[in-house]
**Student:** 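Can you read through this structure? Questions will come right after.
What you see is a predicted model; the values in this text were computed from it and never measured. All heavy atoms count here, side chains included; hydrogens, waters and symmetry mates do not.
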Amino acid sequence: RRRIGEFLGWRFPAAVRAARWHLLLSLLFTLAGAVIAFEMVTRDSDTYYLFVEPSLAQGRDPSASTSELRAQLYDEHDFDHGLTHFASKLFSNNSRVAIMAFALGFLAGLPTVFLLLYNGLMLGAFAALYDGRGLSLDLWGWLLPHGVTELLAVILCGAAGFPPAHARGSPGPGPRLGALRGRGRQAAEIVLGAVAMMFVAGLIEGIFRQTVTSLTVRYAVAGGSALWWLVYLGGFGRARVRREGLPWR
């Protein structure tokens, strides 16, 4: 219990702050993919199929009518099919991308970059599809309550994939193996926390989003989640780190 308390109380947020530049890099690659796909799909809807697999889209593509796309964002009763299946597939995809982005970081970080771009491309394609039907507000109201936590976890895993690559390319004054060990420990702290965040996102996805259809409540939850992660990751553990003179800030 003490170790878990220390990890959640300061080690995880401190590790995230120490990797803030890698976190920014991970965010930029994700946003770059999203912007590219959004622009391409907006100009030519057929490019949507380049970024979203048919098994994942399951009818949520340019061939669907606007009423069909909208209905799936507010269906309170279809718990066994449709949107529920799509949500679970999307969660599985994000989880896979997150873990692979971290695990493949030692390969000079290139697979991590590719996976972050890929995830961003898919997100941008979905956004463009719904934006073209005037459903952006509805889509983000459906996505963000769990997406704030889930997408942040993916970006954190991507950020955790960069420190090992950084240590390989620029180990600093010490031995390369020592640099890899230190960076790897920091990355592991981030990934463990991101896995816990994925669990929280799964709870929100499986319970809250399937029963609450009010846009106001959905955005309130999304805003509350964003505020919590900003306060937690940005502030928790600072006093402990300063008091003990640890390198993580």
**Student:** Between CG of L31 and OG of S26, what distance do you get to the nearest 0.5 Å?
**Tutor:**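 One finds 9.5 Å between CG of L31 and OG of S26.
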
**Student:** Do W229 and F12 have ring centroids that are under 6.0 Å from one another?
**Tutor:**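 Centroid separation for F12 and W229: 6.0 Å or greater.
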
**Student:** Provide the closest heavy-atom pair for M40 versus F51 in the form atom of the first, atom of the second, distance.
**Tutor:**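 Heavy atoms of M40 and F51 come nearest at SD-CZ, 3.7 Å.
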
**Student:** Closest heavy-atom contact between G124 and A37?
**Tutor:**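 Smallest heavy-atom distance, with atoms named: C-CB, 4.0 Å.
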
**Student:** So if you build clusters from Ile, Leu, Val, Met, Phe, Trp, Tyr with side-chain heavy-atom gaps below 4.5 Å, do L137 and W142 land together?
**Tutor:**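 Same cluster.
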
**Student:** Roughly how far, to the nearest 0.5 Å, is the CH2 atom of W228 from the CG atom of L233?
**Tutor:**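 Interatomic distance, L233 CG to W228 CH2, rounded to 0.5 Å: 9.0 Å.
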
**Student:** So which heavy atom on P62 is nearest to which on R133, and how close?
**Tutor:**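 Smallest interatomic distance, heavy atoms only, reads O-NH2, 2.8 Å.
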
**Student:** Given T112 and L116, is the side-chain contact (heavy atoms from CB on, under 4.5 Å) satisfied, shown in steps?
**Tutor:** CA-CA 6 Å; T112 299; L116 291 170; 4.0 Å; yes

**Student:** So Y130 and D138, do their side chains get closer than 4.5 Å, heavy atoms only?
**Tutor:**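 The answer is no, as the side chains (C-beta and beyond) never meet within the 4.5 Å cut-off.
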
**Student:** Can you see which heavy atom on V41 is nearest to which on L129, and at what distance?
**Tutor:**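 Distance-wise, the nearest heavy atoms are CG1-N, 4.4 Å.
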
**Student:** Cluster question for you: counting only ILVMFWY and a side-chain heavy-atom cut-off of under 4.5 Å, with indirect links fine, are Y49 and I36 together?
**Tutor:**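 They do share one cluster, since a chain of ILVMFWY contacts under 4.5 Å joins Y49 to I36.
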
**Student:** Taking all heavy atoms of W140 and all of A127, pick out the closest pair and write down the distance.
**Tutor:**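 Nearest pair, atom of W140 first, then A127: CZ2-CB, 3.8 Å.
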
**Student:** For the atom pair OG1 (T30) and CE (M122), what is the distance rounded to the nearest 0.5 Å?
**Tutor:**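 Here the interatomic distance stands at 11.0 Å.
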
**Student:** To the nearest 0.5 Å, how far apart are CH2 in W10 and CD in E189?
**Tutor:**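 The distance works out to 8.0 Å.
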
**Student:** If hydrophobic clusters are built from ILVMFWY residues whose side chains come within less than 4.5 Å, do L28 and W21 share one?
**Tutor:**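 Yes, L28 connects to W21 through the hydrophobic network.
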
**Student:** Establish whether L230 and L24 are linked, either directly or via other cluster members, by ILVMFWY side-chain heavy-atom contacts under 4.5 Å.
**Tutor:**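 Shared cluster, no.
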
**Student:** Looking at every non-hydrogen atom in both residues, tell me the closest pair between P13 and Y232 and how far apart they are.
**Tutor:**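 Nearest pair, atom of P13 first, then Y232: CB-O, 3.5 Å.
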
**Student:** Quick one, F126 and V52 - any side-chain contact, counting heavy atoms below 4.5 Å?
**Tutor:**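 Yes. Closest side-chain heavy atoms under 4.5 Å.
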
**Student:** Can you check whether L152 reaches L156 side chain to side chain, under 4.5 Å on heavy atoms?
**Tutor:**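 Sidechains of L156 and L152: in contact.
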
**Student:** Counting only N and O atoms by type, is there a donor-acceptor contact under 3.5 Å from the side chain of R11 to the main-chain atoms of R3?
**Tutor:**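 Not a single qualifying donor-acceptor pair exists.
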
**Student:** Please check this pair: side chain of R70 against backbone of S67, looking for a donor-acceptor N/O pair closer than 3.5 Å.
**Tutor:**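 Checking the backbone N and O of S67 against the side chain of R70, no donor-acceptor pair under 3.5 Å is found.
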
**Student:** Is any side-chain heavy atom of M198 less than 4.5 Å from a side-chain heavy atom of V154?
**Tutor:**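 A side-chain contact exists here, since the closest heavy-atom pair is under 4.5 Å.
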
**Student:** Are I190 and L23 packed together at the side-chain level, in the sense that at least one heavy-atom pair is separated by less than 4.5 angstrom?
**Tutor:**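 Result no, sub-4.5 Å side-chain heavy-atom pair not found.
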
**Student:** Please round to the nearest 0.5 Å and tell me the distance separating atom CG of D61 and atom CD of E68.
**Tutor:**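 Taking CG in D61 and CD in E68, the distance rounds to 9.5 Å.
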
**Student:** In Å and rounded to the nearest 0.5 Å, what is the CG to CG distance from L121 to L117?
**Tutor:**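 Taking CG in L121 and CG in L117, the distance rounds to 6.5 Å.
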
**Student:** Treat each ILVMFWY residue as a node, draw an edge where side-chain heavy atoms are under 4.5 Å apart, and state whether F38 and L144 are in one component.
**Tutor:**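 They do not share one cluster, since no chain of ILVMFWY contacts under 4.5 Å joins F38 to L144.
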
